[in-house]
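As structure tokens, the structure follows; a few thoughts come after it.
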Amino acid sequence: MTIRVRVSLYSSLRIDRFAEAKVELPEGAAVTDLLDKLQIPLQDVGIVVVNARSGTFQQKLQADDRITLIPPIGGG
Amino acid sequence: MPFGYNGKILHVDLTKQEWQVEEPGEKWYRTYMGGSAFASYYLLKLLKPGVDPLSPENVLIFACSVVTGAPISGWNRYTVAAKSPLTHAFGESEAAGYFGPELKFAGFDAIVIQGRAAKPTYLFIKDGEVQFRDAKDVWGLDNFETLLSIQEEVGEKRVRVASIGPAGERLIRFANVSNDVEHFNGRTGMGAVLGSKNLKAVAVRGTKRMESAEPEKVKEIARWLHERIKTHPPNVGLTNFGTPGLVKGLNASGILPTRNFREGVFEGADKLNVDAYASILHSSGTCWGCTVRCKRRVALEDEKYPLNPKWGGPEYETIAAFGSMIGNDNLPAVARGNQLCNLYGMDTITMGNLTAFVMECFENEILTEKDTGGRKILFGDPDAMLWLIEEVVHRRGIGDILAEGVKTASEKIGRGSEQFAFTIKGNDLPLHEGRGKTGVALGYALSSTGADHVETPHDVNFQGEGVAKLYALGLLDPVEPLETDSAKVRFFALGQKAWGINNLLSICNFTSVPIHAMTFHNLVEAVRAVTGWDTSLYEIMLAVERSMVMSRIFNLREGLGPEDDRVIRRWHEEMPGGPIQGKKIDGQEFRRAVELFYELSGWDQRGRPTFGKLVELNIEWLYKEIPA
């Protein structure tokens, strides 16, 4: 069984990838599995938002979830 | 008895070698709450406008907040403030480490220092008692030697020392204040103010701990935060990679300041990023009570660029300042420059800006070897940067001019050098590209300390559903990093007051709202549990605004006006290449945004807070201070 999730990438994460796309993952996949599939190293991700709430790398995903990934480009 | 704080402000007169304690009462603490507001309060009360920042009349403040020292990750910072010798305006710089909590444990929430000691002096504060100590044996020593000497002299291994190095003693206008040679009140030249007062250091030791109103509740929130830090992605990044983790994303996004803000992509960035950092990494470090562990220590046995793990490792700002900003991809040299500045006590952000300024002047033949005794200062040459650090700290040759900071140095050099001198309100720029983060550009323009990268949370974090982190403030629309429209002003005004909570309460942004692990709800709950106050996010954000308006009034009193609320020329020009090629900040659009900010803030068209605003903030006593 697989699930489909909607993924939005921002800033440098879009380079050689996409801005928005639907991505298929095995059922029970976590955010880290999505990163593996998109070949995004952990260190390239600063912000993870799942369904308009702060998400974690370990968070399990459900069908139709909306995931936003933003690189660490803040400051402070 | 108050909870979370001591209820005691220490007043020190260096001229008379006297000290006394003020106990302002709960209403005062609840009105001003901490850090920047404590500083503004005393600067407005005690300092007359127009005073020379390096004269005995300047007032120097070390301030914690009502919650500093509560056992929660990141609740460990403090501010050092005075009229700035670099900008001649409101000067303030925060640092973390261990000094702030120790000052609270020693019995005081803040120190207000006036006058000038007749001879080099340091203060030793222990458990409510103050000693004026002769600093003749430490005067001239670097920050590391000073730390060891004072530890030995007072016989307390656990004493925490905020000190200046030779740069502060020599009144270099961007001298900083060091604690433990790992943490720095870096910006606006506070070290020079200590130097002008013959004050080498403030050493603190306290044996008590702060009491909370609801200790079990505080523990519960601290444990929750500790667990969340382990899984919250921005904190996972900081723990694993530290701030060097920023280099790669900024460069790939075309917003890594490069060669004096001329470009946004640096071809040598791969040699400066977190993977390259592994070659010099010694260990990670932390601050009092914090589980993020974002600090980095470096070591290298190398003849040319030796690195000592006890002298601090470069953070992102320094990597960019001594790296991409000067076209240098040699990371050990960056780290060496950082350690020299740490020992001498100089701000690496300003030093990097100065180096880039000199390099661009050389490239345009405004400065030549005639100005430097034969030394070429060219982009890409790390040794030129190290050479300049030595010239500045010893005030030799051109170093004596550069010791005044970029703005004054360019005015003294003349010959058109001003076109390559980039400052805002006289303060050199932290390493963030305003053309790619217009919210940060607004922060640089509107901050009372001049260019300041912690004035507002960086807009790039709130793209798309990233804005979810601001829902609690009623901000529901995604933020567009490249726009300077009314939506951006709304984001900026709210974001500024949200991030300002951390500066006001002396909390580290890297654990706190709106980006890192703490949530708005639990932050307020924690402040309630520490202080026992029935407080709210509204009351705290009102105090943030009060603090910002007070520092604004300080600057108005010093003669600053709307013409100072601007960004640098270069950001009004098109980015020459990279992912945001062609992007510029339109001058008129930016001016409209600044004026819109005045309007929504209750300021008049000249950027002066109205009487109504002061009434709302309960500071109408300051209305008479606003120039007509």
Side chain, backbone, both or neither of [X] within contact of chain A (heavy atoms, under 4.5 Å):
X: V236(B); value: side chain
X: I515(B); value: side chain
X: V460(B); value: both
X: Y316(B); value: neither

Excluding sequence neighbours, so at least two apart, what forms side chain to side chain donor-acceptor pair (under 3.5 Å) with T456(B)?
-> none
Which residues share a side chain to side chain donor-acceptor pair (under 3.5 Å) with N235(B), sequence neighbours left out = none
Part of S11(A) lying under 4.5 Å from any heavy atom of chain B = both
Interchain contact, T68(A) with chain B, by part (heavy-atom threshold 4.5 Å) = side chain
Heavy-atom contacts under 4.5 Å, residues 46-62 of chain A to chain B = G46(A), I47(A), V48(A), V49(A), N51(A), A52(A), R53(A), S54(A), G55(A), T56(A), F57(A), Q58(A)
Select, from S253(B), P234(B), P579(B), A468(B), the one with the greatest count of heavy-atom pairs under 4.5 Å involving chain A.
-> S253(B)
Chain A interface, residue from G237(B), G245(B), G464(B) that has the most non-hydrogen pairs under 4.5 Å | G464(B)
Plane angle bin for H458(B) and H432(B) - parallel if under 30°, tilted between 30 and 60°, otherwise perpendicular = perpendicular
Answer yes or no for R14(A) and F18(A): cation-pi contact, defined as NZ/CZ to six-membered ring centre under 6.0 Å and angle to ring axis within 45°.
-> no
Compute whether any side-chain donor of one residue and acceptor of the other, for E480(B) and Q463(B), lie under 3.5 angstrom apart.
-> no
Would H516(B) and H232(B) count as a close aromatic pair, with their ring centres under 6.0 Å?
-> no
Residue pairs involving residues 33-50 of chain A (criterion side-chain hydrogen bond (donor to acceptor under 3.5 Å, both in side chains); sequence neighbours excluded) = Q43(A)-D275(B), D44(A)-K248(B)
Locate the shortest heavy-atom distance separating A320(B) from L256(B); write the atom from each residue and the value.
-> CB-CD1, 4.4 Å
Heavy-atom closest pair (I319(B) atom, Y277(B) atom, distance to 0.1 Å) is CD1-CE1, 3.8 Å
Most contacts with chain B, counted as non-hydrogen pairs under 4.5 angstrom, among S8(A), P71(A), S12(A) | S12(A)
CD on E94(B) to OG1 on T79(B), rounded to 0.5 Å | 4.0 Å
